[in-house]
There are 4 protein chains.
Amino acid sequence: MIEFALFGAGRIGKIHASNLVRQAGARLKYVVDMHTPSAQALAQAHGAQVASVEQALADPAVGAVVIASSTDTHANLIIAAANAGKAVFCEKPVDLTIARSRESAEAVSRNGVVCMIGFQRRFDPTFAALKARIEAGEIGVPEMLIVTSRDPGAPPVDYIKSSGGIFKDMLIHDFDVFRWIMGDEAQSLHATGSCLTDPAVAAAGDIDSTAVTIRTQRGLLCQINTSRRAAYGYDQRFEVLGSKGMLQAGNVQPTQVTAWLAGGISTDVPEPFFLERYRQAYAAEMAHFVEAVTKGTPVRTTIEDGVKALELAELAMSSWRSGAAVDLPSSEEASVAEAL
Amino acid sequence: MIEFALFGAGRIGKIHASNLVRQAGARLKYVVDMHTPSAQALAQAHGAQVASVEQALADPAVGAVVIASSTDTHANLIIAAANAGKAVFCEKPVDLTIARSRESAEAVSRNGVVCMIGFQRRFDPTFAALKARIEAGEIGVPEMLIVTSRDPGAPPVDYIKSSGGIFKDMLIHDFDVFRWIMGDEAQSLHATGSCLTDPAVAAAGDIDSTAVTIRTQRGLLCQINTSRRAAYGYDQRFEVLGSKGMLQAGNVQPTQVTAWLAGGISTDVPEPFFLERYRQAYAAEMAHFVEAVTKGTPVRTTIEDGVKALELAELAMSSWRSGAAVDLPSSEEASVAEAL
Amino acid sequence: MIEFALFGAGRIGKIHASNLVRQAGARLKYVVDMHTPSAQALAQAHGAQVASVEQALADPAVGAVVIASSTDTHANLIIAAANAGKAVFCEKPVDLTIARSRESAEAVSRNGVVCMIGFQRRFDPTFAALKARIEAGEIGVPEMLIVTSRDPGAPPVDYIKSSGGIFKDMLIHDFDVFRWIMGDEAQSLHATGSCLTDPAVAAAGDIDSTAVTIRTQRGLLCQINTSRRAAYGYDQRFEVLGSKGMLQAGNVQPTQVTAWLAGGISTDVPEPFFLERYRQAYAAEMAHFVEAVTKGTPVRTTIEDGVKALELAELAMSSWRSGAAVDLPSSEEASVAEAL
Amino acid sequence: MIEFALFGAGRIGKIHASNLVRQAGARLKYVVDMHTPSAQALAQAHGAQVASVEQALADPAVGAVVIASSTDTHANLIIAAANAGKAVFCEKPVDLTIARSRESAEAVSRNGVVCMIGFQRRFDPTFAALKARIEAGEIGVPEMLIVTSRDPGAPPVDYIKSSGGIFKDMLIHDFDVFRWIMGDEAQSLHATGSCLTDPAVAAAGDIDSTAVTIRTQRGLLCQINTSRRAAYGYDQRFEVLGSKGMLQAGNVQPTQVTAWLAGGISTDVPEPFFLERYRQAYAAEMAHFVEAVTKGTPVRTTIEDGVKALELAELAMSSWRSGAAVDLPSSEEASVAEAL
């Protein structure tokens with residue numbers, strides 16, 4: 001039995017808590033949140049106690065922590081937890097800066113603790129099945145990846161201001177999907193974008209629509225298109241063209257009802273947003289983390305993956321701002337093997 | 001907080017137990033099963049105790065029972081539980097005979113207890129959404145219902161021998177779907193069938209492929225086609241033609257992967273069988289039952305529904321054996337209102 | 001080069017004319033229609049001449065006739081053309097009576113002329129591909145056939161009065177599809193139906209919604225559901241369950257546009273009616289007929305097929321009127337081989 | 001009645017000939033091809049005569065020409081035909097150089113003749129319906145266009161050598177689709193690519209896989225992904241995200257058969273290549289040209305469209321070779337209005 005501390009009792013913290021308590025061998029001991037009523041409510045729902053960060057990390061009974069607090073606390077908590085010898089699950093991104101992300105990774109490495117980053121898409125049943133089918137050779141060698149990633153609507157402008165921008169906030173998932181699916185690292189990257197949905201986004205210094213192209217070290221191609229607003233809901237698709245065929249990952253629809261009416265034949269819009277779309281993925285990633293902690297199995301989404309996705313986001317921002325394609329330093333070549 | 005006793009610790013009993021313990025306000029107190037190790041294992045998994053039928057029903061703390069034992073025990077347990085004043089959830093069928101089913105319904109009625117029959121399809125998200133859209137008037141007046149109901153493969157012949165035959169075992173669900181979706185009662189019924197998949201089924205006195213047609217009191221039409229074997233998995237679809245359009249309920253697929261290969265464009269086969277296909281439905285029906293018990297809300301699938309579905313199964317057997325269409329007594333007319 | 005006479009310059013006559021003139025080796029010499037302006041216009045469009053029935057059949061240069069005139073003229077024209085030694089293409093039905101249909105078949109047989117009935121569905125690319133895949137063994141032994149056949153709206157009541165009723169007018173195509181796809185003959189048949197869309201249909205002594213079940217000599221099952229009105233257009237689907245899987249034939253949609261809007265994901269309604277849905281089928285059947293006439297290849301849809309489909313329609317009417325299932329005389333067994 | 005001369009009796013010339021002769025008011029008078037047997041065969045099939053370029057252009061009875069000869073002859077023939085006062089239909093591209101393309105356009109303009117370029121995709125029923133629905137406002141303002149354009153396999157290397165490269169040969173269609181669908185002109189363009197399918201393509205100085213991004217003057221985004229090889233056939237899809245929703249244009253499948261087998265649920269691969277996929281589009285574009293010539297209606301695909309698509313192809317080559325994004329001169333702004 002491993003005891004857990006959870007940092008952050010917000011929307012995503014609640015999901016992690018309910019998934020955590022369903023795992024055999026896991027017990028939620030502490031809930032930590034600056035907002036005490038939230039911490040109390042969540043702790044009570046799962047028979048846990050409210051604690052401070054220090055209390056939770058100082059308790060030798062705590063073997064692992066789940067970090068679901070705001071982005072600006074991630075690096076501090078990872079480092080503190082790693083130094084305390086705890087296994088760490090942390091929501092993406094590690095940090096908004098590469099420097100601080102690397103420091104976090106070094107703390108993890110130095111302390112030899114398990115650390116998993118919450119790239120939940122790798123645990124989505126559809127995406128994971130597609131990846132497994134690529135690995136089984138169904139489409140031969142993957143050559144091109146087309147990612148469509150659209151939110152149902154822009155978040156509040158206040159959120160956007162502190163989000164690090166669309167590349168770090170939203171595309172960081174797509175960059176991780178790219179690395180995972182293609183099993184190769186970027187060699188050059190071009191990003192462009194516009195503010196098309198809401199002038200307030202531009203006023204906050206951000207954009208809401210992007211088009212990114214990546215060419216990998218082996219010459220594979222990837223295109224990512226992103227929008228903050230799809231009127232029909234949360235749109236999360238990708239397709240991989242390989243030498244022997246193509247695999248597509250489609251959206252999840254709430255029901256399988258088809259209506260045949262005078263105006264057309266129609267089915268449901270996709271699940272509305274990430275909490276619904278990735279419900280199964282959140283459950284699977286927490287089971288994966290608990291398994292890693294309790295059985296010593298390797299984690300599928302490491303803190304290095306978190307750093308690398310952030311690096312691509314940083315490059316994309318740079319490309320977008322300059323209007324120029326950017327090349328990656330050749331020292332990245334060594335990382336191909338890791339990604340495979 | 002209502003305490004529950006569960007009768008039957010087999011496959012379906014385990015599902016009901018795990019769904020039950022997730023409901024706020026419900027506690028599983030007893031597990032009852034002739035096979036003691038099964039009862040013990042399930043009781044232990046959920047912090048319950050093993051008991052006999054008599055012990056469980058004699059405990060005044062028990063407010064409700066879930067009957068998931070073998071079909072031949074259903075009627076006895078419903079009657080005993082009703083007489084003990086417990087709310088009852090019972091798997092279909094109530095009994096293999098109409099007489100005993102009616103006795104069970106009378107015991108429920110006489111004791112004024114809640115009784116719900118496990119027609120889980122009414123709680124399937126797709127089927128329930130379709131029903132709600134009919135009621136919202138999306139396709140105008142429903143006129144024709146086409147039900148496709150195919151198992152992935154025949155059960156063992158020993159099961160078939162004690163099953164009551166394909167009409168009572170398998171089509172009973174389809175008959176309930178018919179009554180629920182069309183909101184009308186049968187006036188005439190014609191059933192035919194064949195043994196096409198396995199001669200052992202015929203040797204057991206049963207058939208494995210059926211074609212049933214129902215004409216309702218209002219003249220609406222329903223066709224049901226059933227097979228014990230669909231090579232591609234569990235096939236559960238229906239479509240309703242109405243005056244303004246059609247609604248179709250499709251199968252559930254495990255993933256949303258589409259493969260484009262030289263031989264064709266393909267997606268997953270449906271979920272393999274009822275435990276997977278109706279996973280959400282089983283959870284929803286137990287929540288519905290707990291709500292009915294704790295809040296006094298009406299149950300959607302009454303014991304009368306159970307009796308009526310059995311009556312249709314009996315008529316279908318009669319039609320199949322005689323080769324003739326059968327008419328229903330006109331006294332059934334009164335029940336139209338109930339079904340609406 | 002074979003010269004043709006066309007009887008009937010209406011809607012379907014025009015289609016046959018334009019398909020005929022595109023065939024190498026075929027020339028349209030005469031157009032015959034009681035309504036002279038129609039005959040003249042169609043003749044002029046294709047460089048043909050207007051003639052009377054007698055003139056056309058007396059011309060030894062005419063090798064073949066296409067009969068697209070009203071149903072009540074079919075038998076007379078078949079017999080006259082056969083006696084004149086002409087090859088015959090005739091729209092369905094041969095006649096509304098079995099007796100007259102058989103006389104027509106005998107005239108064809110006696111004169112040894114080619115005679116093809118316009119069951120165009122057998123030439124539809126989707127239906128023909130499905131049939132070929134059954135024959136290639138893709139789904140093993142076919143066991144159940146489900147046919148959905150719905151018109152976009154009822155014809156004028158005057159048409160209904162002279163149509164012979166829904167079974168002879170509309171289901172005759174479905175009965176032919178049944179015989180063709182299953183490669184077996186009916187042993188028993190049950191038909192029921194209602195007037196649900198328009199009371200005027202009932203006033204004309206007909207129904208607009210039917211549910212037919214056929215059990216074949218080998219025990220195979222077929223269900224046909226039909227409506228005169230599908231609000232979403234012309235609905236022509238069927239599916240065949242076999243021992244190794246299922247094949248479905250779907251509708252044809254005018255375009256491949258999919259709209260993702262807030263209210264749902266939608267595609268086009270099917271092609272509006274038979275002229276559009278079976279456009280390719282009409283072209284293919286005429287090419288098939290010209291090939292049969294010019295090269296002596298066998299026709300796929302014989303006058304015997306026309307008689308047998310009419311017999312099923314007659315039985316369906318009888319079943320519907322009596323409310324009873326009907327059995328076919330066992331002398332039908334010999335015809336199984338023909339249907340294969 | 002307008003008389004036509006056809007230059008080029010190859011594969012595409014034959015298609016244009018057969019579509020031309022079906023148009024009321026059009027007559028094919030001459031077929032011109034250096035390969036005399038081809039010219040003779042095609043002329044004979046349609047009752048035309050074989051002629052030289054000079055003869056055909058000198059005949060005052062010839063009102064229009066169709067240029068379907070090899071790319072290197074296009075500009076010369078356009079200029080000669082325009083100078084002779086003939087209306088011109090010319091296959092894409094106008095020429096492989098912008099300079100010569102502009103000279104051709106100037107000749108057309110100077111002589112005031114009708115000139116239409118064979119961008120047949122604008123006449124595809126699916127693509128044209130999608131465009132009409134955008135114009136009707138169904139998805140609000142179009143914001144992003146994603147084009148997937150994949151051939152079933154690379155052409156012979158000899159063809160590639162003389163093709164002008166993948167951007168001028170293959171993407172020129174996609175560039176035209178981009179301008180047509182988005183109704184805006186490029187402001188910046190980035191292209192990258194690789195040789196992934198066959199080293200012989202690289203040896204010929206070309207690539208077989210490309211990823212192009214265009215940002216328009218109004219800030220709209222477009223991504224085009226292209227491959228010379230899709231193992232599953234000819235893949236021609238695009239989707240447009242707008243402020244109110246999305247429209248997708250899908251592939252055309254030969255039949256509507258769906259197979260449900262143990263290994264999956266599958267439908268047909270797309271039509272194999274452009275001759276089949278765009279069969280209806282070729283017919284519609286020729287009807288459009290004949291209408292323009294006979295009735296004076298404007299053509300939908302002008303020679304200016306041909307020049308502009310070539311300019312984008314030239315820019316894409318430049319971007320690909322340099323690895324840098326390229327900006328377009330602002331003088332292009334004036335052309336926005338034309339494209340709308």
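Lettering of chains follows the sequences in order, A, B, ..., and the numbering in each one begins at 1.
- Only the backbone of A/I224 comes within contact range of chain D, with at least one heavy atom under 4.5 Å from a heavy atom of that chain.
- Shown here for D/T213 and A/A211, the closest heavy-atom pair between the two residues is CG2-CB, 3.8 Å.
- Only the backbone of A/T210 comes within less than 4.5 Å of a heavy atom of chain D; no side-chain atom from C-beta onward does.
- For A/V212, the part sitting under 4.5 Å from any heavy atom of chain D is the backbone (N, CA, C, O) and nothing else.
- Put simply, the side chain of A/T192 reaches to within 4.5 Å of the side chain of D/L221, judged on heavy atoms.
- Between D/R218 and A/S194 the shortest side-chain heavy-atom distance does not fall below 4.5 Å.
- Within the 4.5 angstrom heavy-atom criterion, atoms from both the backbone and the side chain of A/S209 approach chain D.
- Residues D/A231 and A/G245 approach most closely at CB-N, 3.7 Å, considering heavy atoms.
- Within a 6.0 Å radius of CD in D/Q280, no more than 12 heavy atoms belonging to other residues, nucleotides or ligands are found.
- Your options are D/G242, D/G193, D/A324, D/S227, and the one with the most heavy-atom pairs under 4.5 Å with chain A is D/G193.
- Residue A/I146 touches chain D through its side chain alone, counting heavy-atom pairs closer than 4.5 Å.
- For a residue to count as touching a neighbouring chain, one of its non-hydrogen atoms must lie under 4.5 Å from one of that chain's; by this rule A/D235 touches chain D with the side chain only.
- For A/R215, the part lying under 4.5 angstrom from a heavy atom of chain D is the side chain only.
- Residue D/T226 holds its OG1 atom at 6.5 Å from CE of A/M144, rounded to the nearest 0.5 Å.
- A distance of 5.5 Å separates NE2 in D/H190 from NE2 in A/H190, rounded to the nearest 0.5 Å.
- Between D/E143 and A/T197 there is a side-chain heavy-atom pair separated by less than 4.5 Å.
- The neighbour count for D/Q253 CD, taken as heavy atoms of other residues, nucleotides or ligands under 6.0 Å away, is above 12.
- A distance of 12.5 Å separates CG in A/D198 from OG in D/S243, rounded to the nearest 0.5 Å.
- Closest heavy-atom contact between D/A325 and A/G323: CB-O, 3.5 Å.
- Side-chain contact check for D/L241 versus A/R150: some heavy-atom pair is nearer than 4.5 Å.
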